[in-house]
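Chain identifiers are assigned alphabetically (A, B, ...) following the order of the sequence lines, protein sequences preceding nucleic acid strands; residue numbering begins at 1 within each chain. These figures come from a predicted structure and were not determined experimentally.
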Amino acid sequence: MRTWLFKTEPNDFSIRDLRDAPDQMTGWDGVRNYQARNRLRDEIQDGDRVLIYHSRGRNPSIVGEAQVVSGPYPDPTQFKPDHPGFDARSSEDMPRWFQVDLRFVALYQTPLSLADIREVPEFADMELLVHPRLSIQHITDRQYQQIIARCEPELAARSPLIPAFT
DNA sequence: GCCAACGTTGGC
DNA sequence: GCCAACGTTGGC
């Protein structure tokens, strides 16, 4: 299982929206960037862990956790002419944009802000700092451990290797 | 394939 | 809301 970080603008869709959604699940639609698309389509697997990052807020932060609960499939909004995600170059047999389904796992006790991330030397090579525009980012196991140690200290103390919500 | 113009992102 | 950085488009 790998860990990813998905960015979202909380005004548009927040982790609380995911928590409150039917079955606490949502299709992660709207990704319109090729590098992010390739990861959704080719790398991300059912069961992978996803950290939710709120961008553009008062205090941009990693705020919680979700789980991938599907394989990749075509983003249906690309086919809807009235939808902002519509893409006339896509067709049902040649879809251009893909998504996965996420299920809510947890709101972190202590969100980890971008400002804090910048101050930790071990986070210097995080994609969030190196490629800040990429909306689907990979998180290494080591980075995850350090994130969870800050966001969920009790959980991390209980299971120091790869802490997991169960 | 270059690159200027344009659109979008996202921290501040 | 500003604006710098980045990604995409499309004429040539």
Side-chain angles (χ1 to χ4, degrees), chain A residues 2-21 25-44 48-68 70 72-102 104-140 142-144 146-152:
Chain A
R2 298 217 278 167
T3 302
W4 306 89
L5 180 148
F6 285 14
K7 293 194 298 182
T8 183
E9 294 190 29
N11 287 339
D12 188 35
F13 187 85
S14 76
I15 191 164
R16 286 172 185 82
D17 294 327
L18 176 58
R19 179 196 60 194
D20 299 339
M25 285 174 53
T26 193
W28 200 261
D29 62 25
V31 171
R32 295 293 182 273
N33 167 279
Y34 290 105
Q35 195 177 355
R37 186 278 309 269
N38 292 346
R39 289 178 169 192
L40 281 171
R41 187 189 58 190
D42 306 333
E43 294 188 57
I44 293 178
D48 280 357
R49 181 193 286 124
V50 173
L51 310 186
I52 302 297
Y53 177 83
H54 283 175
S55 65
R56 255 184 171 277
R58 304 173 66 228
N59 196 19
S61 305
I62 298 172
V63 292
E65 197 167 306
Q67 188 174 29
V68 178
S70 79
Y73 63 96
D75 177 342
T77 65
Q78 71 194 299
F79 305 124
K80 298 178 181 167
D82 296 333
H83 195 281
F86 177 66
D87 190 333
R89 302 164 300 184
S90 290
S91 63
E92 303 268 354
D93 32 337
M94 285 287 289
R96 183 172 294 235
W97 306 111
F98 288 78
Q99 67 182 57
V100 295
D101 291 338
L102 294 190
F104 174 80
V105 171
L107 270 168
Y108 286 151
Q109 277 181 9
T110 311
L112 180 59
S113 71
L114 179 61
D116 289 341
I117 290 169
R118 287 190 198 285
E119 288 185 359
V120 178
E122 286 96 334
F123 289 149
D125 58 352
M126 272 184 67
E127 286 192 319
L128 197 59
L129 303 184
V130 182
H131 302 291
R133 305 261 314 253
L134 185 58
S135 62
I136 304 286
Q137 309 195 346
H138 181 239
I139 297 285
T140 66
R142 177 165 177 74
Q143 287 164 355
Y144 179 70
Q146 303 200 343
I147 290 165
I148 209 72
R150 288 170 171 78
C151 295
E152 289 284 344

* How does protein reach along nucleotides 6-12 of chain B, written 5' to 3' as B (base within reach of a heavy atom under 4.0 Å), S (only sugar-phosphate), or - (no contact)? -> -BBBBBS
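Just one residue in the list A/I44, A/V31, A/L51 forms a side chain to side chain contact (heavy atoms under 4.5 Å, CB included) with A/F6, and that residue is A/I44.
Qualifying side-chain hydrogen bond (donor to acceptor under 3.5 Å, both in side chains) partners for A/R150, counting only residues two or more places apart in sequence or in other chains: none. With sequence neighbours left out, A/T77 forms a side-chain hydrogen bond (donor to acceptor under 3.5 Å, both in side chains) with A/R32, A/D75. Residues passing the side-chain contact (heavy atoms from CB on, under 4.5 Å) test with A/R56, sequence neighbours excluded: A/E9. The side-chain hydrogen bond (donor to acceptor under 3.5 Å, both in side chains) search around A/Y73 returns A/Q99, A/D101, not counting sequence neighbours.
Under a cut-off of 6.0 angstrom, the local environment of CZ in A/R16 is sparse, with at most 12 non-hydrogen atoms contributed by other residues, nucleotides or ligands.
Within residues 29-40 of chain A, the residues that place at least one heavy atom under 4.0 Å from DNA chain C are, in residue-number order, A/N33, A/Y34.
From A/R142, atom CZ reaches atom CZ of A/F123 across 9.5 Å, with rounding to the nearest 0.5 Å.
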